[in-house]
Amino acid sequence: MPDLSQPWWTAQVHADRRPLLLARNRIQAGLRIWLADEGFTEVDPVALQVSPGNEAHLHGFATEAIGADGQGRRMYLHTSPEFAMKKLLAAGETRIAAFAHVWRNRERGPLHSPEFTMLEWYRVGQGYEVLMDDCTAFLRLAAKVAGADLLRFRERSCDPFAEPERLSVAEAFARHAGIDLLATVDAAGQPDGAALAAQMQAQGMRVVADDTWSDLLSRVLVARVEPHLGHGRITILDRYPIAEAALARPTADDPRVAERFEVYACGVELANGFGELTNPAEQRRRFALEMDEKARVYGERYPLDEEFLTALAQMPAASGIALGFDRLVMLATGAARIDDVIWVPVAS
């Protein structure tokens, strides 16, 4: 493993990192071949946007674009290429993918870099379950290319060639936390924070007076659920409560939950997929709620991309997903830190 006491650009540290970086290149090349064989068009969405995204707990990098008239306009580096790629779907593309550099502020650690590479892809006219198969294929391909039988992160391992485990968020909460999650939302999916707090207290979990339902759900997920996911085999955590799926459509059989899933390996979250919401009025309402929550917690809000909301009305039914490419390389190579698999890490 690379020596953490020396800068990444010293010759010896680079020599230690180089096999991981070459594996990264091979994995990326293999995924590009797979996507091309499946009929995907690779696109290259620009990073500079009018909005970085409208999720309450994602933080963008702001900048100023100065026009030829000398007037400045606030813009942002995107946290995901999602808005741009959905505009391409509205324009007529049907199967697209991008290896996009994205930026997220307030994020730095073994699994987080302020700038990282996201593999995002969309399928028009296909259900979100197909994306689960795509992810499984990608994890297997990465392991094969890296010459690994198992995916690894620290002391944890996962066999990508085993049949994935698929369970709903409600099932995971019942199994790992002893909580009936759907008893804390009403028939329309509106959450009840007091009901969730009461169940958490009964399980000996900490609750703070001003916790929202989403705060509480996140605490249970991080403390009691995620540590059990993706051990031995891939876990697909499916059917998120609608209140936790701002960009996903409701499931056909239960309006309380959405067509949203996440993929875990070795306890690490790798991908976040959706059956995409295409109702612009409902999307606007959900974005407003997300920005209200951001304003409450962080004292700021981001503008809405009005062009995106207009394009959404023309976007066909589709499924889409984002995968943390650097994290996939980490697990395939056994790297301990995300910076070890990024050619030039962000300065500390």
Side-chain angles (χ1 to χ4, degrees), residues 53-58 82 127-129 132 166-226 228-229 235-262 264 269 272-298 301-302 304 309 312-313 317 319-320:
N54 295 106
E55 295 182 49
H57 302 293
L58 286 185
E82 180 169 6
Y128 79 133
E129 293 87 353
M132 301 177 191
R166 181 178 173 185
L167 74 163
S168 71
V169 176
E171 290 169 337
F173 269 56
R175 180 184 303 177
H176 299 302
I179 288 174
D180 182 353
L181 183 61
L182 293 183
T184 72
V185 298
D186 66 18
Q190 291 299 310
D192 181 345
L196 182 52
Q199 289 200 54
M200 289 174 63
Q201 288 173 323
Q203 294 296 327
M205 296 194 69
R206 179 177 63 89
V207 172
V208 179
D210 63 349
D211 279 335
T212 66
W213 180 88
S214 290
D215 293 333
L216 297 170
L217 180 141
S218 179
R219 189 171 303 144
V220 177
L221 189 64
V222 170
R224 297 287 182 91
V225 176
E226 285 187 334
H228 298 282
L229 304 182
T235 297
I236 297 170
L237 189 63
D238 190 17
R239 295 168 68 93
Y240 273 70
I242 198 76
E244 291 294 304
L247 291 150
R249 60 188 174 227
T251 61
D253 63 318
D254 189 343
R256 298 175 299 173
V257 295
E259 291 186 355
R260 177 191 173 192
F261 71 92
E262 293 193 331
Y264 288 82
E269 185 249 313
N272 190 12
F274 305 93
E276 301 293 349
L277 180 67
T278 55
N279 180 325
E282 174 62 13
Q283 187 66 85
R284 183 184 295 277
R285 185 189 72 83
R286 295 189 192 180
F287 279 167
L289 291 173
E290 289 287 315
M291 292 301 93
D292 287 346
E293 178 66 3
K294 178 177 281 293
R296 183 188 73 84
V297 177
Y298 304 107
R301 60 175 67 236
Y302 296 142
L304 303 187
L309 291 169
L312 201 61
S319 296

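Every value quoted in this text rests on a predicted model; they were computed, and no experiment measured them.
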Q: Please identify each residue that fulfils side-chain hydrogen bond (donor to acceptor under 3.5 Å, both in side chains) with His57, with sequence neighbours left out.
A: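 His57 satisfies side-chain hydrogen bond (donor to acceptor under 3.5 Å, both in side chains) with Tyr298 only.
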Using a 4.5 Å cut-off on heavy atoms from C-beta on, say whether the side chain of [Y] contacts that of [X].
X      : Y      : result
Leu247 : Phe287 : yes
Phe173 : Leu221 : yes
Arg285 : Leu289 : yes
Ile242 : Arg286 : yes
Arg296 : Thr212 : yes
Trp213 : Gln190 : no
Val257 : Leu182 : yes
Asp211 : Arg219 : yes

Heavy-atom closest pair, residues [X] and [Y]:
X      : Y      : value
Ala243 : Gly189 : CB-O, 4.3 Å
Gln199 : Gly178 : OE1-O, 4.3 Å
Ala183 : Ala195 : O-CB, 4.5 Å
Ala248 : Phe274 : CB-CD2, 3.3 Å
Met205 : Ala223 : CE-CB, 4.2 Å
Ala172 : Val225 : CB-CG1, 3.8 Å

Just by distance, do the side chain of [X] and the backbone of [Y] share a donor-acceptor pair under 3.5 Å?
X      : Y      : value
Glu244 : Pro241 : no
Gln283 : Ala246 : yes
Arg284 : Leu304 : no

Once you round to the nearest 0.5 Å, how far does [atom1] of [X] lie from [atom2] of [Y]?
X      : Y      : atom1 : atom2 : value
Thr184 : Leu216 : OG1   : CG    : 9.0 Å
Thr235 : His228 : OG1   : NE2   : 11.0 Å
Leu237 : Asn272 : CG    : CG    : 10.0 Å
Ile179 : Met200 : CD1   : CE    : 6.0 Å
Glu226 : Ser218 : CD    : OG    : 8.0 Å
Leu167 : Arg175 : CG    : CZ    : 5.0 Å

Charged N to carboxylate O below 4.0 Å: is that the case for [X] and [Y]?
X      : Y      : answer
Asp292 : Arg301 : yes
Asp253 : Arg239 : yes
Glu290 : Lys294 : no

Partner of Tyr240 under side-chain hydrogen bond (donor to acceptor under 3.5 Å, both in side chains), picked from Arg260, Glu259, Glu262, is Glu262
- Query: Which is it for Met291 and Asn54 under the side-chain contact (heavy atoms from CB on, under 4.5 Å) test, yes or no, and what are the steps along the way?
  - Reply: CA-CA 7 Å; Met291 292 301 93; Asn54 295 106; 3.6 Å; yes
